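Take a look at the structure below.
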Amino acid sequence: MCSSDLTPTSARVGQSVSVTITGTGFAAGVAVSFANGNGAAPSVKNVVVVNDTTITATVTVPRKKMGSDPLWDVRVGSGATTNALTVLV
């Protein structure tokens with residue numbers, strides 16, 4: 001399983017956005033999360049595996065103090081795309 005792209009690539013603090021993740025080898029029930037940023041991690045819900053190359057989901061950036069590094073890696077299953085989401089003030 002490999003994720004290669006997240007669209008859109010940014011979201012504002014307090015905002016919820018619909019995202020599309022593309023890659024390969026996606027299967028129903030795969031976990032999607034964010035890691036390796038600073039501050040409160042964006043949350044993911046409404047994950048839908050459209051097919052083995054596309055996932056849609058809703059990402060919410062919490063209204064909490066942002067850390068010094070606004071870049072987050074997106075994790076899909078055991079794979080990750082580094083610096084996939086930038087949190088904007």
Side-chain angles (χ1 to χ4, degrees):
M1 189 171 328
C2 177
S3 63
S4 61
D5 192 33
L6 175 80
T7 304
T9 58
S10 64
R12 296 199 174 279
V13 170
Q15 181 181 35
S16 291
V17 294
S18 295
V19 299
T20 300
I21 303 166
T22 56
T24 58
F26 300 150
V30 69
V32 178
S33 62
F34 287 91
N36 299 325
N38 263 319
S43 63
V44 183
K45 62 182 179 179
N46 304 324
V47 176
V48 176
V49 177
V50 177
N51 55 43
D52 66 340
T53 62
T54 305
I55 294 172
T56 61
T58 303
V59 173
T60 301
V61 178
R63 289 189 181 272
K64 296 183 179 177
K65 184 176 179 183
M66 200 169 72
S68 59
D69 181 5
L71 296 173
W72 288 87
D73 301 343
V74 64
R75 293 185 179 272
V76 179
S78 60
T81 299
T82 58
N83 299 331
L85 181 73
T86 302
V87 174
L88 306 171
V89 179

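Count residues from 1 along the sequence. For clarity, every value in this text was computed on a predicted model and none was experimentally measured.
- For N51, the side chain to side chain contact (heavy atoms under 4.5 Å, CB included) partners two or more places apart in sequence, or in a different chain, are T53, T54.
- Shortest non-hydrogen contact noted between L85 and P42 is CD2-CG, 3.8 Å.
- Under the side chain to side chain contact (heavy atoms under 4.5 Å, CB included) criterion, A57 pairs with V19, V44, V47, sequence neighbours left out.
- Proximity of Q15 to V61: side-chain heavy atoms (C-beta onward) are nowhere separated by under 4.5 Å.
- Not counting sequence neighbours, the partners of S16 by the side chain to side chain donor-acceptor pair (under 3.5 Å) test are T60.
- Taking each heavy atom of V49 and A27 in turn, the nearest pair found is CG2-O, 3.4 Å.
- V76 and L71 end up in different hydrophobic clusters when Ile, Leu, Val, Met, Phe, Trp and Tyr side chains are linked at under 4.5 Å.
- In this view, D52 satisfies the side chain to side chain donor-acceptor pair (under 3.5 Å) rule with no residue, not counting sequence neighbours.
- Counting all heavy atoms, side chain and backbone alike, P8 lies closest to S18 at CD-O, 3.4 Å.
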Given the rule in the side-chain contact (heavy atoms from CB on, under 4.5 Å) test, do F34 and L6 qualify, once you have shown the distances and angles that lead to the verdict? CA-CA 12 Å; F34 287 91; L6 175 80; 4.2 Å; yes
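- With sequence neighbours left out, the side chain to side chain contact (heavy atoms under 4.5 Å, CB included) criterion links T7 to D5.
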Report the C-alpha distance between V32 and V74 in whole Å, list the side-chain angles of each, state the deciding distance to 0.1 Å, and finish with yes or no for side-chain contact (heavy atoms from CB on, under 4.5 Å). CA-CA 7 Å; V32 178; V74 64; 4.2 Å; yes
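- In plain terms, the two heavy atoms of N83 and D73 that are nearest each other are N-OD1, 2.8 Å.
- In this structure S33 satisfies the side chain to side chain contact (heavy atoms under 4.5 Å, CB included) test together with R75, sequence neighbours excluded.
- For T20, the side chain to side chain donor-acceptor pair (under 3.5 Å) criterion is met by no residue, not counting sequence neighbours.
- I55 approaches F26 most closely through the heavy-atom pair CG1-CD1, 3.5 Å.
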